[in-house]
2 protein chains.
Amino acid sequence: MTAAANQSGRRPTTSRRLERAGIRDVAAAAGVSITTVSDALNGKGRLPDETRSRVREVAERLGYRPSAAARTLRTGRSGLIGLTVTTYGEEPFTFTEFAYFAEMARAATSAALGRGYALVVLPASSRHDVWGNIALDGTVVIDPPDQDPLVSELYRSGVPVVSDGKPGNCPVTAWVDNDHEAAVLGILDHLSEAGARRIGLLTGTSTDTYTRLSTEAYLGWCAKVGQEPVYEAYPAHDPAAGAVAADRLLARPDRPDAVYGLFDPNGTDLLAAARRYGLRVPDDLLLVCCSESDVYAATEPPITTLSLKPRRIGTTVVNLLIDAIEGVDSGTGVDIARLFPPRFRTAGTGPPPGTLMPTELIVRASSQRRSPRTTVSPPRPPGEV
Amino acid sequence: MTAAANQSGRRPTTSRRLERAGIRDVAAAAGVSITTVSDALNGKGRLPDETRSRVREVAERLGYRPSAAARTLRTGRSGLIGLTVTTYGEEPFTFTEFAYFAEMARAATSAALGRGYALVVLPASSRHDVWGNIALDGTVVIDPPDQDPLVSELYRSGVPVVSDGKPGNCPVTAWVDNDHEAAVLGILDHLSEAGARRIGLLTGTSTDTYTRLSTEAYLGWCAKVGQEPVYEAYPAHDPAAGAVAADRLLARPDRPDAVYGLFDPNGTDLLAAARRYGLRVPDDLLLVCCSESDVYAATEPPITTLSLKPRRIGTTVVNLLIDAIEGVDSGTGVDIARLFPPRFRTAGTGPPPGTLMPTELIVRASSQRRSPRTTVSPPRPPGEV
DNA sequence: CACTAGCGGAGAAACGTATCTTCGAGTGCC
DNA sequence: GGCACTCGAAGATACGTTTCTCCGCTAGTG
């Protein structure tokens, strides 16, 4: 192969670098043009199979790997999806703090990979140093607070955004959430039927959708049935505060005879607090908490939990986002969709489309007065996927 | 501003697209050249502060965001680090399966973000569809199996690779691991001192470093002290198999009077199995397991755990990787380092540099015969960061 | 035989940035 | 007054693809 075989000849032959083979090298080695190589590898042009396979073979032999950066620059697609993860305080993230986020992120990653996308974990804080340096095709936002500036900016800059959790006051492409109101009402009814007279709530102080909707549903229910609300709120991200709040709740003069805890560790904390006060569960105190952890199947007694089905949510969020990404033909033309980001082609300025996913109440001994108390913990349920 | 102000004039004025402002638009609006804009924003050239601030102001006004793809193509750096996550079977990932991985990934993410990098979650399976489409500056590999083809290919293609877990037989830039042998020996000694006569092991069937080194250390210890090995192995990724294996171990005729379980759920499973066989812990059976979960502080009795300190590991792995990335000047020149990937500039072909991190044994009631048995679970330890 | 269709493929223009090189204008110095 | 030197900034090129446009050729068709 002579130096003249170097297609387009722009590269100076003097300092011919010994780096990774580019598409030009493949073209030269196969004796075809760059166009043909690109078409052959991407299955795009009209080429006889013989040329296709020959080019592919040469590319394989040279160990050719197309440059993702160049492809992204040219096509405008990176195959990357941002996963925004709430960051409490300084460094640490929710991400894996609660089983819900962990499962959700796992399902989202899996769904994205299945469709050829990869997830980039990014902090919800507006550190533009990192955000600005990454070409994202879209973003999944977990439970954005009201008026999230990050979401607003992303949306404004044309990046599709799908949120887990109904967004408070910021525009998104779409959102997915559980029907938190129905879930809470279902639990309260369940506890009432089990004989609860005064149901307490362990809730959080933050303004995310989950906490807000759940608390409002509880207060509404109290107003409806004429019960005085009995609740304690604490910063959910503080692992120590939960135990204190559980203790406070059971120490109140108007002590509830049933409690629903909104957060994962509440079951353990409430159980411990009940022991300290000599309360038997479920005889003196009915217990339910929202959790994805299966440790509550093995506690003494096993605790009834509400599962938000995070896997379903994560999968749905990602699929919705990728649908939006691939629906936008961000290629040629005037592309009005860039100025008025896609709302699934819904005309007008209606609210973004939302999807409500069902929850599941896993009833165990802690919320049943006349349950057959199983001293031996039941066999581990088959790991549902 | 006239159409002629369009610098370089390559863009056809007829279909002047209304898309995001590029560096050219900023240059035109500020009345300077592209070079000046680039230098002003990146703080690179020699410019008076007045020009700098003016350009920055114009860029801000136009909402200019540099294209990450173009920057990556030009500089060769994407700011992206791959996080390889083992995938058992089909879709699901370890990722968050065990608390160890979750904590490790969280710390790694945080450390990367702190240095201006973001993590991309990628499967360990060789699905090139995804891997090839992403420009990575480096990769973190969690516990690669022997002869991992993925690691080999990454390394060969010049991407720095740092592994969590000493790599069996594939070249990496660097690796970080716990001193598993010392940890296991420490536990066995600890159990011996507590009065154990026959110590059993609950181990895994996979070939990862952790399982292998730990099992070998156990067998070596048995040979040294003259105890017949008593162990059961099971596929660690199968949540149901652990309980069965725990049961098998305690059902053996040569039942051990102390057990160390290598995996997170083993403590719960062993405790349940012990109950089924009427064995009291720690009186009839001493128990230790490797876990990062603090649920073992609240079990009945609390269980002694070995912590691998995943946060430290994750932070170290990422810092090592970024050091390697930024140490390589993959810019101009012949760049021999591309052909012989960096080993921290260590001459010759010695083994890649490894770092051993200490573990921590958290001693609780389950491994102490004469412990003051605390019926009431102790207060939750302050969440160590 | 002339004309059209379709096939196989080449050329070159982007994509948007960073950076190397060059270049003019001012300034102090001998 | 010429010369070297620095400052400030512009020009041009390269990064490695994808893709739009176009061209030659062959075979079928009237």
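Values below: every heavy atom of this structure, side chains too, minus hydrogens, waters and symmetry copies. In the text below, chain A, chain B and the rest are named by the order of the sequence lines, each starting its count at 1.
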Phosphate OP1/OP2 of [N] contacted by [X] side-chain N/O (<4.0 Å):
| X | N | answer |
| --- | --- | --- |
| Thr51(A) | dG9(C) | yes |
| Arg71(B) | dA18(C) | yes |
| Ser67(B) | dG16(C) | no |
| Lys44(B) | dA18(C) | no |
| Ser38(B) | dA18(C) | yes |

Whole Å only: how far is the [atom1] atom of [X] from the [atom2] atom of [N]?
| X | N | atom1 | atom2 | value |
| --- | --- | --- | --- | --- |
| Arg54(B) | dA9(D) | CZ | C1' | 11 Å |
| Ile23(B) | dG11(D) | CD1 | P | 14 Å |
| Ile34(A) | dC15(D) | CD1 | C1' | 13 Å |
| Arg65(B) | dC15(C) | CZ | C1' | 20 Å |
| Asp25(A) | dC15(D) | CG | P | 11 Å |
| Asn133(B) | dG16(D) | CG | P | 17 Å |

Whether [X] side chain and [Y] backbone form a donor-acceptor pair below 3.5 Å:
| X | Y | result |
| --- | --- | --- |
| Asp148(B) | Pro144(B) | no |
| Asn133(B) | Val130(B) | no |
| Thr72(A) | Ala68(A) | yes |
| Thr36(A) | Val32(A) | no |

Taking only residues at least two apart or on different chains, which pairs with a member in residues 135-145 of chain B satisfy side-chain hydrogen bond (donor to acceptor under 3.5 Å, both in side chains)?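 Qualifying pairs: Ser78(B)-Asp137(B).
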
Go through the steps for Asp323(A) and Arg115(A) under the test salt bridge (Lys or Arg N to Asp or Glu O under 4.0 Å), then give the verdict. CA-CA 10 Å; Asp323(A) 287 345; Arg115(A) 291 186 65 170; 3.1 Å; yes

Considering only [options], which nucleotide approaches the side chain of [X] most closely?
| X | options | answer |
| --- | --- | --- |
| Arg46(A) | dG9(C), dA9(D), dT17(C) | dG9(C) |
| Leu73(B) | dG16(D), dT19(C), dT17(D) | dG16(D) |
| Val32(B) | dA10(D), dT17(C), dT17(D) | dA10(D) |
| Arg24(A) | dG8(C), dA10(D), dC15(D) | dC15(D) |
| Asp39(B) | dG16(C), dT19(C), dG16(D) | dT19(C) |
| Arg74(B) | dT17(D), dA14(D), dC7(D) | dA14(D) |
| Leu47(A) | dG8(C), dT17(C), dT17(D) | dG8(C) |

Residue pair Arg65(B), Glu153(A): steps toward the salt bridge (Lys or Arg N to Asp or Glu O under 4.0 Å) verdict: CA-CA 12 Å; Arg65(B) 296 271 174 267; Glu153(A) 173 157 349; 3.0 Å; yes

Using the side chain to side chain contact (heavy atoms under 4.5 Å, CB included) rule, pick out the option among Thr316(B), Val318(B), Val140(B), Thr315(B) that qualifies with Val176(B).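 With Val176(B) as partner, side chain to side chain contact (heavy atoms under 4.5 Å, CB included) holds for just one option, Thr316(B).
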
Note down the inter-axis angle between the two ends of the helix from dC1(C)-dG30(D) to dC30(C)-dG1(D), five pairs each, to the nearest 10°.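 Taking five pairs per end, the axes differ by 60°.
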
Name the nucleic acid region contacted by Thr36(A), choosing base, sugar-phosphate or nothing; use a 4.0 angstrom heavy-atom cut-off, strictly under.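 Sugar-phosphate, no base atom in range.
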
Contact class for Thr35(B) vs. all strands (heavy atom < 4.0 Å): base, sugar-phosphate, or nothing?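 Base contact.
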
